[in-house]
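Below: the structure, in C-alpha cells.
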Amino acid sequence: MGRLIVVSNRVAPVGDEKRNTGGLAVGLLGAMREAGGIWFGWNGQVTTTAAPLARQEKNGITFATIGLNKRDYRQYYSGFSNATLWPTFHYRIDLARFDRNEYAGYQRVNAMLADELMTFLQTDDVVWVHDYHLLPFAQACRKRGALNPIGFFLHIPFPEPQVVATIPPHQELMRAMLSYDLLGFQTETDRRAFLNTIAQQSGVQVHEDGSVHAEGNVTRTGVYPIGVSPGHIAEESAAGRDLSRQITRGVSGDTRKVVVSVDRLDYSKGLVERFCAFDTLLETTPELRHRVQFIQIAPPSRSDINSYQLIRKQLEAEAGRINGKFSDLDWVPIRYINKSYDRRTLMGLFRNAQAGFVTPLRDGMNLVAKEYVAAQDPEDPGVLVLSRFAGAAQELDGALLVNPYDRTGMAEALRTALSMPLEERQARHAGMLQVLKTADIDAWRNRFLEDLRRG
Ligand code: GDG
C-alpha cells in the first residue's frame, strides 16, 4: 500500500496530541500512522521572508509544513478563502466580497503548494485533500504531471447553483474540482447541490451514479458524514466531569440546570439568534429564571476579518443586554466566554449540561452536536436541541430539531428539553449513540480512503 498524504490548509501542531487535539485530527493521524503518511500544509505562521518546507517526524508521521508570507495570508486565507468562499458556501452572500487580486492569490498559493508537493510525491502515493481553501489544488498538481489518485473532502456545506453563481470565477472553480478522482461531501444535499451546479453551469455530463465525465477524466462523488470517537469522548467526559463541576459550581449551584453551547466565534453558528432565543425563554417562562444557566464558550477565530469583528461586538452587546435585564445578585443567566478549554474540560462540561444548544444557521456537519451526545451519561442523558440546517440533523433524529431563524421555536424546544422525562431522554439518546458508534470517525476515513484507492 502506498503512502497516504493528507493536505489541508492548516496542519495540526505537532505534540500535545492527547490534551487538545480534536477528533478530526486524531482520525486523520490514525490513518497516516497506518499508512506511513505525511501531513502537508500551512504551519499557521505568517512570515516576512520565504521559508523552505520544514519536515518533522513524530510517531511514524511526517509533518511537512510551510509558512505563508503576508500577501499570501491576506489574499489566499483572509481574502478569497474566508471572505468569499466561506460566507458564500454558508449562504451569506450579504457578507461575501470578491476581489480579483485575492482570487489570484488563492490560485497562486494553491500552485505554490502543488510545487512543494511535487518535490516529495512518489508514484504510488494516495493524496487526500481537505476543504475549501484547496478547491483547485488537484488541477495544479495535474498540470505538474501528478497521476496519483487525489481525493477531496468538503467539510462545509455546498450551496445551491444560484448561490455558487455569485462567485465571479465560479465556472473556473467548478471545472478545477473535476481534476479530483473522488469528491466527498457531508450530506446528500451537498452532493446534489454540487452535481446540479456542475450540470447547469458547466454543461458537463453528470451520470446517474453521481460521477462526472469531463475531458477524458472521471470524477466520482460520494457522501461521507464525518463522525466522532464515542468511546474516547465517553472516557474524556467521565474524566472531565469533576473538573467541569468545580468550574461551574459557583455559577450553577446544585439545583440549576445547565444549557451549553461551544462554537468558534463565527457568524455561521447562529450565536446572536441563540442568545435572543434564550432571552425569549426567560421572558416567557419566569419560573426558569434563577433555575437555568446558559454557558456559551466561543473562542475567537479569524479575528482580522471585519465580519468577525462585527459578530463579536453584536454578541457582547446581546450578552450585556440580556444579563442586564435578568441578572440578580446570585445569578447571571448567560456566561459568555471568549476562550478555549482543553478537551477533557469541554467534554465534562457537556456531560454536566442538561441541554446542548447547537443552532448554526448553516453547518457542514457540526461536531459539537455529536460530541455532546457522545459525552452524555446513558443513564441520565441531556437533550440535544439542534438546528435543522446542520449536516448532523440528517443523522441525529433523536434531537429536538429547530429552525435557528425562529427564536420562539428555539425557546420552546429548550423548555421542552429542560423538562423532558427521563425515559424519553434515554430513548432519544440511545438511538443517537447507536448512530454515532456505527458511523464513527474511523468508519468515515476508511470509507473515503477505500473508495479513493479503489479508483
Ligand atoms: C468545520 C465545519 C464540520 C471548539 N471550541 C473548543 C474546541 N472546539 C472543538 C469542538 C469541535 C471543533 O472544535 C469544532 O468543530 P465543528 O464541527 O463544530 O465546527 P467547525 O470548526 O466550523 O468545522 C463543520 C467540521 O469542519 C468537520 O468536518 O463539522 O461543519 O464548519 O470538535 O469540540 N476544542 C477545544 N477547546 C475549545 O475551546 N479543545
Side-chain angles (χ1 to χ4, degrees), residues 4 6 8 21-35 128-131 151-158 182-194 209-210 220-237 262 343 346-347 350-351 356 358 360 362-378 381-401 425-454:
L4 171 64
V6 170
S8 62
T21 313
L24 171 60
V26 171
L28 290 173
L29 289 167
M32 285 180 274
R33 210 166 281 139
E34 276 168 21
W128 188 5
V129 181
H130 290 262
D131 235 358
F152 175 86
F153 183 75
L154 184 69
H155 289 258
I156 65 176
F158 194 95
L182 176 63
L183 293 171
F185 299 90
Q186 300 272 25
T187 65
E188 182 58 28
T189 311
D190 299 313
R191 186 174 80 127
R192 274 284 131 221
F194 170 77
D209 64 356
R220 289 168 296 135
T221 59
V223 177
Y224 307 89
I226 194 167
V228 295
S229 280
H232 282 142
I233 293 174
E235 283 169 25
E236 286 168 335
S237 71
V262 176
R343 238 184 116 70
L346 219 54
M347 298 306 129
F350 287 165
R351 196 178 178 113
V358 186
R362 286 279 160 182
D363 222 326
M365 178 54 62
N366 196 298
L367 291 178
V368 169
K370 292 188 169 181
E371 289 163 351
Y372 175 78
V373 173
Q376 296 309 299
D377 174 359
V383 178
L384 177 65
V385 177
L386 177 63
S387 163
R388 54 177 295 194
F389 299 120
Q394 301 196 13
E395 291 171 275
L396 300 179
D397 56 4
L400 296 178
L401 292 187
R425 283 190 277 126
Q426 286 173 335
R428 285 174 178 269
H429 176 259
M432 291 194 285
L433 191 61
Q434 196 46 51
V435 170
L436 295 187
K437 284 181 175 166
T438 313
D440 68 357
I441 185 87
D442 295 336
W444 169 75
R445 74 159 200 251
N446 289 339
R447 274 189 54 228
F448 187 93
L449 287 173
E450 273 163 26
D451 285 354
L452 178 59
R453 288 198 166 105
R454 204 169 42 230

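Panel note: side chain Thr187, backbone Asp190; a donor-acceptor pair is recorded below 3.5 Å. Not a single donor-acceptor pair under 3.5 Å links the side chain of Arg191 to the backbone N or O of Phe185. Between the side chain of Ser237 and the main chain of Met347, no donor-acceptor pair closer than 3.5 Å is present. Although no hydrogens or angles enter the test, the distance criterion places a donor-acceptor pair under 3.5 Å between the side chain of Arg447 and the main chain of Val223. Between the Asp440 side chain and the Gly227 main chain, no donor and acceptor come within less than 3.5 Å of each other. Without hydrogens or angle criteria, Ser387 side chain to Pro360 main chain gives a donor-acceptor distance under 3.5 Å. A side-chain donor-acceptor contact under 3.5 Å links Gln376 to the backbone of Phe350.
The environment of His155 atom NE2 is dense: over 12 non-hydrogen atoms of other residues, nucleotides or ligands sit within 6.0 angstrom. The number of heavy-atom neighbours closer than 6.0 Å to CG of Asp377, taken from other residues, nucleotides and ligands shown, is above 12.
A pairwise comparison of heavy atoms in Leu401 and Ala393 identifies CD2-CB, 3.8 Å as the closest pair. Summarising the geometry of Leu436 relative to Pro230, their closest heavy-atom pair is O-CG, 3.6 Å, with the distance given to 0.1 Å. Looking at every heavy atom in both residues, Arg343 comes nearest to Ile233 through NH2-CG1, 3.8 Å. Residue Ala390 comes nearest to Asn366 through the heavy atom pair CB-CB, 4.3 Å, listed as atom of the first residue, atom of the second, then distance.
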Inset, instruction - Starting from the C-alpha separation in whole Å, work towards a yes-or-no answer on salt bridge (Lys or Arg N to Asp or Glu O under 4.0 Å) for Arg454 and Glu450. - result: CA-CA 6 Å; Arg454 204 169 42 230; Glu450 273 163 26; 5.5 Å; no

Inset, instruction - Walk me through it: do Val262 and Leu346 pass the test side chain to side chain contact (heavy atoms under 4.5 Å, CB included)? - result: CA-CA 9 Å; Val262 176; Leu346 219 54; 4.0 Å; yes

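Using a 4.0 Å cut-off between a side-chain N of Lys or Arg and a carboxylate O of Asp or Glu, Arg351 and Glu371 do not qualify as a salt bridge.
Seen from the ring of Phe389, Arg362 counts as a face-on cation partner, given the 6.0 Å and 45° thresholds.
Counting only heavy atoms from C-beta outward, the side chains of Leu182 and Tyr224 approach each other to under 4.5 Å. Taking the side chain as every heavy atom from C-beta outward, Lys370 and Leu396 approach each other to under 4.5 Å. Between Ile226 and Arg445 there is no side-chain heavy-atom pair separated by less than 4.5 Å. Contact check for Leu384 versus Leu400: no side-chain heavy atoms found under the 4.5 Å cut-off. Using a 4.5 Å cut-off on side-chain heavy atoms (C-beta onward), Val228 and Val373 make no contact. Side-chain contact between Gln394 and Pro225 is absent, with no heavy atoms from C-beta onward closer than 4.5 Å. Contact of the Phe153 side chain with the Asp131 side chain is not registered, since no non-hydrogen atoms from C-beta on lie closer than 4.5 Å. Leu433 has its side chain within reach of Lys437: a pair of non-hydrogen atoms, C-beta onward, lies under 4.5 Å apart.
To the nearest 0.5 Å, atoms CG (Leu28) and CG (Leu4) are separated by 8.5 Å. How far CG of Leu449 is from CH2 of Trp444: 8.5 Å, rounded to the nearest 0.5 Å. We find the CG-CD1 distance between Asp363 and Ile156 to be 10.0 Å, quoted to the nearest 0.5 Å.
Relative ring orientation between His130 and Trp128 is described as tilted, the plane-to-plane angle lying within the 30° to 60° band.
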